[in-house]
Amino acid sequence: MGLLEGKVAIVTGAGSGIGRGIARSFAREGASVVIADIDRSAAQACAAEISTELRGKAHPIIADVSDEAAVQRLMEETEAEFAGIDIIVNNAYGSSPNLLFEDKPLQELQQVLDVNLKGTWLMMRAALPYLRKRDGGRVINLYSIDADVGAWLRSDYIASKAAVRALTRAVAIEWARYGILVNCLAPTAKGAGYQRMAEQIPGFEQMAAQMNPCGRVGDPEEDIAPVAVFLASRMAKYVTGETIYVDGGLHVTGYPSKPAVLPTQAHAFNPKPPL
């Protein structure tokens with residue numbers, strides 16, 4: 001019997017990176033997993049891997065977490081497929097081009113907030129009636145060390161992740177009365193964002209490994225997912241409102257984020273003159 005035997009989990013952004021690693025590990029532990037992603041081919045590929053390679057139960061659903069109607073359909077289709085919902089992992093995220101704060105357009109801030117904060121909010125709200133039907137629901141939200149170190153050029157992303165952590169703590173206190181536990185996972189791993197930077201920045205992989213106290217960057221399935229399994233299982237039945245860092249100690253030492261060359265101004269910053 002696996003740690004999640006008989007449980008049903010929705011993992012957003014599960015088509016690749018950390019979400020994929022969590023989905024695969026949940027399936028290994030006996031959970032039926034909904035692979036929710038906006039990328040149809042990635043969702044289908046991950047679900048097929050779980051079904052064939054791991055002989056687990058997985059179902060792909062295409063969903064934009066910033067769309068309230070799409071989130072509601074996600075819940076309804078999950079219940080129709082697996083007869084319930086026990087675990088929600090809010091892993092889907094949005095980011096924007098790396099720009100100085102004064103050059104960040106309001107439209108990009110809104111897009112990032114729509115996915116990271118609004119998406120997490122909508123997923124939790126829509127899941128509540130389903131989680132309350134089960135014996136102790138679990139919600140795992142994704143936080144980022146970037147919000148701790150104040151990483152350069154990511155002000156909109158940082159603001160969204162700081163808000164997710166605050167929201168997690170607030171909901172954890174309110175939902176404890178239902179037996180639903182709500183926590184944050186703060187990973188540093190070779191996820192989708194890491195892969196993009198590795199492709200764009202020469203020597204990035206070596207630099208990332210060297211500045212980590214453990215001397216390497218985490219693997220989504222081998223290093224991050226087991227902690228998600230813990231939070232989703234009965235082993236964590238007395239843990240709520242917590243943020244667990246799974247980053248090889250990087251949150252202790254922090255990391256330098258100031259670029260050697262600041263990006264050129266991509267958007268004119270023209271505040272209204274005083275009256």
Side-chain angles (χ1 to χ4, degrees), residues 11 13-25 28 39 42 46 49 89-104 108 112 115-116 140-165 168 183-231 242-266:
V11 183
S16 62
I18 292 171
R20 174 178 173 272
I22 291 174
R24 286 173 57 89
S25 290
R28 288 183 191 276
D39 184 331
C46 182
E49 286 177 8
V89 180
N90 288 311
N91 169 73
Y93 76 96
S95 60
S96 67
N98 288 348
L99 294 171
L100 292 165
F101 171 72
E102 57 267 30
D103 295 333
K104 288 274 188 183
E108 290 183 0
V112 170
V115 177
N116 298 352
I140 303 172
N141 296 328
L142 272 287
Y143 178 66
S144 173
I145 185 180
D146 287 354
D148 291 332
V149 303
W152 278 68
L153 312 180
R154 309 197 74 193
S155 53
D156 48 3
Y157 178 77
I158 285 172
S160 72
K161 285 301 183 180
V164 165
R165 185 181 190 183
T168 298
N183 291 287
C184 272
L185 190 64
T188 297
K190 296 177 181 179
Y194 173 93
Q195 297 297 345
R196 283 195 299 271
M197 287 188 283
E199 293 169 3
Q200 297 169 3
I201 304 171
F204 175 79
E205 294 179 89
Q206 293 79 6
M207 177 185 66
Q210 289 172 0
M211 67 183 179
N212 190 293
C214 284
R216 63 184 181 85
V217 178
D219 177 82
E221 189 169 349
E222 297 297 324
D223 296 312
I224 310 305
V227 184
V229 169
F230 162 73
L231 288 173
E242 186 59 83
T243 299
I244 298 183
Y245 293 86
V246 192
D247 62 4
L250 191 61
H251 69 284
V252 177
T253 60
Y255 61 88
S257 63
K258 184 177 180 179
V261 179
L262 295 180
T264 55
Q265 191 169 7

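When reading the values below, keep in mind they use all heavy atoms of this one structure, side chains included, and skip hydrogens, waters and symmetry mates. Here the structure is a predicted model, which is why all the values come from computation and not from measurement.
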Any non-hydrogen side-chain atom of [X] less than 4.5 Å from a side-chain atom of [Y]?
{"X": "Met211", "Y": "Pro256", "answer": "yes"}
{"X": "Pro220", "Y": "Arg20", "answer": "no"}
{"X": "Pro213", "Y": "Val252", "answer": "no"}
{"X": "Asn141", "Y": "Leu185", "answer": "no"}
{"X": "Asn183", "Y": "Ile244", "answer": "no"}

message: Working note: Thr243 + Arg165, criterion side-chain contact (heavy atoms from CB on, under 4.5 Å); need CA distance, chi angles, decisive distance, verdict.
response: CA-CA 8 Å; Thr243 299; Arg165 185 181 190 183; 3.1 Å; yes
Could you give the distance from [atom1] ([X]) to [atom2] ([Y]), rounded to the nearest 0.5 Å?
{"X": "Cys46", "Y": "Asp39", "atom1": "SG", "atom2": "CG", "value": "11.0 Å"}
{"X": "Thr168", "Y": "Ile140", "atom1": "OG1", "atom2": "CD1", "value": "11.0 Å"}
{"X": "Ser144", "Y": "His251", "atom1": "OG", "atom2": "NE2", "value": "13.0 Å"}
{"X": "Tyr245", "Y": "Tyr143", "atom1": "OH", "atom2": "OH", "value": "4.5 Å"}
{"X": "Phe101", "Y": "Asp156", "atom1": "CZ", "atom2": "CG", "value": "9.5 Å"}
{"X": "Asn91", "Y": "Leu142", "atom1": "CG", "atom2": "CG", "value": "4.5 Å"}

Locate the shortest heavy-atom distance separating [X] from [Y]; write the atom from each residue and the value.
{"X": "Ala208", "Y": "Val217", "value": "CB-CG2, 3.7 Å"}
{"X": "Asn116", "Y": "Ser160", "value": "ND2-OG, 3.0 Å"}
{"X": "Ala189", "Y": "Tyr194", "value": "O-CB, 3.5 Å"}
{"X": "Pro259", "Y": "Leu153", "value": "CG-CD1, 3.8 Å"}
{"X": "Ser257", "Y": "Ala151", "value": "OG-CA, 3.4 Å"}
{"X": "Leu99", "Y": "Pro263", "value": "CA-CG, 4.4 Å"}

query: Hey, what's the ring geometry for Tyr93 with Tyr157, parallel, tilted or perpendicular (30° and 60° as the breaks)?
result: perpendicular
- prompt: Going by atom types only, do Ser155 and Lys104 share a side-chain donor-acceptor pair under 3.5 Å?
  reply: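 No pair is found: no donor N or O on one side chain lies under 3.5 Å from an acceptor on the other.
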query: Passes salt bridge (Lys or Arg N to Asp or Glu O under 4.0 Å), Lys190 versus Asp223? Steps please.
result: CA-CA 10 Å; Lys190 296 177 181 179; Asp223 296 312; over 6 Å; no
- request: Using side-chain contact (heavy atoms from CB on, under 4.5 Å) as the criterion, point out the one residue from Val11, Ile224, Val246, Thr188 that pairs with Ile18.
  value: Ile224
task: With side-chain contact (heavy atoms from CB on, under 4.5 Å) as the test, would you mind laying out the steps for Arg154 and Lys161 before giving the verdict?
output: CA-CA 11 Å; Arg154 309 197 74 193; Lys161 285 301 183 180; over 6 Å; no
